[in-house]
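Throughout, protein chains are lettered first and strands after them, A, B, ... in sequence-line order, and every chain is numbered starting at 1. For the numbers below, each heavy atom of this structure counts, side chains included, while hydrogens, waters and symmetry mates do not.
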Amino acid sequence: MKLHGDVPREKLEEVFSEFVGKIYQKPPLRSSVKRVVRVKTIYYLKILEVSGRYVLFRVGCEAGTYIRKLCHDIGEVLGVGAHMKELRRTRVGPLKEDETLVTLHDVLDAYKFWIEEGDERWIRKVIMPMERAIEHIPKVVIRDTAVDAICNGATLAVPGILRIETGIKRGDLVAIMTQKGELVALGKALMTSEEMYERERGLAVKPVRVIMERGTYPPVWKRRKIGKEYRFQT
Amino acid sequence: MLPCDVKRDVLIKDEEPTDPNYGKPPEERSVRELIETGVINLDKPPGPSSHEVVAWIERILNIDRAGHGGTLEP
């Protein structure tokens, strides 16, 4: 962030702390969303370095927060004005700037090593199983016998559940997982963690995005004998 | 602290074995499967758009479909 005037460090710290918590933000003129004032939560806002009128800071915020606007608004409150100079995403959910962060060159090299020399080591470092991207989403582990029904779009019912992570509220996004750790689907919780644990029946999670291919697990759901053959109810 | 950093416990409702003949742990996927379904934590250089970088990834990995986890600005 570049300040348009000189501000003492103490004043900076004071104003920055005012922006932690719920803030009101009107999306900038050039934005991809409707320009109405929105409430966004700033989880943390930390000044890392100040050099003259340049302020380097780290912000933890809700998806959809405009950082360009945040810089502008901080400048307004400081009274001198300010604008965003540079922006870098250092984290999104479980993905961080750690050993998993790779460049396009890394991807190209790893692919070449694999395709030309059959060496899997690098491509396996560069591409992670999709489950790594949903580590932060609360999980519900289900029986093998419930998997294919979910793949076909069925709503997860309580009897299909084996394990539940705590802290799930109704309406939360949850990940439906197999016992082997595979992501089956993402869905909306229709019950809290406690309800899923205590109840014996009822609908628990409504899939909103099915990830696993049908037929990965055997279709043992809603089987009905018709004459000599089995048919699957739809 | 971010909301995604909350620590969660696990409630065990029931236990049963899983059939090894169906599905497999994510780390046992083949490279082909990884390329089709995996994620890359990519250090995007400033300049090219996320959209452009996705197109490059599709070219490099020779795949039909890739996506990205959201842009940083409009």
Side-chain angles (χ1 to χ4, degrees), chain A residues 27-28 30-33 43-44 60 63 66-68 86-89 92-98 100-104 107-108 111 114 120 123-124 126-133 136 138 143-144 147 161-167 178-183 193-194 196-197 211 216-218, chain B residues 1-48 50 52-63 66-74:
Chain A
R30 266 192 66 187
S31 78
S32 57
V33 294
Y43 301 107
Y44 54 80
Y66 283 93
I67 305 303
R68 189 176 295 282
E86 233 180 275
L87 178 62
R88 179 167 170 89
R89 175 171 279 164
V92 51
L95 304 178
K96 304 183 177 93
E97 291 180 300
D98 55 17
T100 67
L101 187 71
V102 295
T103 63
L104 276 165
V107 178
L108 181 60
Y111 185 76
W114 175 62
E120 294 191 350
I123 196 81
R124 283 189 181 279
V126 161
I127 309 181
M128 304 177 283
M130 59 180 140
E131 286 80 3
R132 282 290 294 272
H136 60 304
R143 297 178 197 276
D144 284 6
V147 176
I161 299 176
L162 293 171
R163 301 197 290 273
I164 311 119
E165 284 191 348
T166 56
T178 67
Q179 291 195 74
K180 298 185 185 79
E182 305 147 286
L183 173 63
S193 300
E194 291 70 30
M196 291 183 207
Y197 181 64
I211 306 294
T216 308
Y217 278 73
Chain B
M1 199 188 80
L2 298 173
C4 62
D5 286 333
V6 293
K7 288 275 163 281
R8 296 178 192 276
D9 292 319
V10 179
L11 304 170
I12 300 170
K13 193 174 174 73
D14 198 3
E15 287 181 90
E16 67 172 27
T18 176
D19 188 340
N21 294 311
Y22 300 98
K24 60 185 162 205
E27 59 273 17
E28 288 177 18
R29 282 181 196 138
S30 68
V31 171
R32 274 278 166 235
E33 290 170 314
L34 264 186
I35 288 175
E36 287 297 319
T37 64
V39 294
I40 301 176
N41 187 7
L42 190 74
D43 194 346
K44 184 187 85 63
S50 303
E52 286 171 298
V53 171
V54 164
W56 293 345
I57 286 289
E58 285 172 346
R59 279 238 314 266
I60 291 173
L61 298 177
N62 194 21
I63 50 176
H68 64 81
T71 55
L72 210 42
E73 281 201 82

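When side chains are defined from C-beta on, A:Leu162 does not count as touching B:Lys13, because their heavy atoms never get closer than 4.5 Å. Taking 4.5 Å as the limit, some side-chain heavy atom of A:Val107 sits within range of a side-chain heavy atom of B:Leu42. Residues A:Leu104 and B:Ile57 meet the side-chain proximity criterion, which asks for heavy atoms closer than 4.5 Å. For the pair B:Thr37/A:Ile211, no side-chain contact is recorded, criterion being any heavy-atom separation below 4.5 Å from C-beta on. B:Leu11 has its side chain out of reach of A:Met196: every pair of non-hydrogen atoms, C-beta onward, lies at least 4.5 Å apart. Between A:Gln179 and B:Glu16, some side-chain heavy-atom pair lies under the 4.5 Å cut-off.
Residues B:Met1 and A:Tyr43 come closest through the heavy atom pair O-CB, 3.8 Å. In this structure, A:Pro129 and B:Pro26 approach most closely via the heavy-atom pair CB-CB, 3.7 Å. Of all the heavy atoms in B:Ile35 and A:Ile127, the pair that sits closest is CG1-CD1, 3.6 Å. Smallest separation of non-hydrogen atoms from A:Ala133 and B:Val39: CB-CG1, 4.0 Å. Here the closest heavy-atom approach between residue B:Pro20 and residue A:Lys180 is recorded as CA-CE, 4.1 Å. Heavy atoms only, all atoms of each residue included: A:Arg88 and B:Lys44 are closest at NH1-O, 4.5 Å.
The contact between A:Tyr111 and chain B is made entirely by side chain atoms (from C-beta outward), counting heavy-atom distances below 4.5 Å. For chain A, no part of B:Glu33 is nearby; none of its heavy atoms comes within less than 4.5 Å.
In this structure, a donor-acceptor pair under 3.5 Å is present between the side chains of B:Thr18 and A:Asp144.
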